Amino acid sequence: MSKQLSRIEKYGRRSTRKNNSERKKSKTERPLDSEQSAEVGSRRELHPSYRGRLTRLFYHSLIVLFILLLIGLLYWGRKMAA
């Protein structure tokens, strides 16, 4: 029969938080010289977000639909009353 191994025996120990933070720092801390950083620009310029514009468009469309509904109901009510 084969021996059942525990998770630690099978996969090894977890890495410490210190090692994880060092790994993250080493990946994110890549110094750019001044020419490269000037060429790249900011993240907002590279990847603009249209979320605010889409939200405003959504709310304006809801307002327009509500006004059209109101006009339609008023027209229908006057038509039925006559």
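Keep in mind that this is a model prediction, so the values were computed, not measured.
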Would L69 and M80 show up in the same hydrophobic cluster when neighbours are defined by side-chain heavy atoms closer than 4.5 Å? yes
Quick one: OG1 on T55 to NE2 on H60, what's the gap to the nearest 0.5 Å? 10.5 Å
Gap between atom CZ of R43 and atom OG of S49 - 0.5 Å precision: 8.5 Å
Any side-chain heavy atom of I63 sitting closer than 4.5 Å to one from F66? no
Nearest-0.5 Å distance that lies between atom CG in L57 and atom CG in L62: 10.0 Å
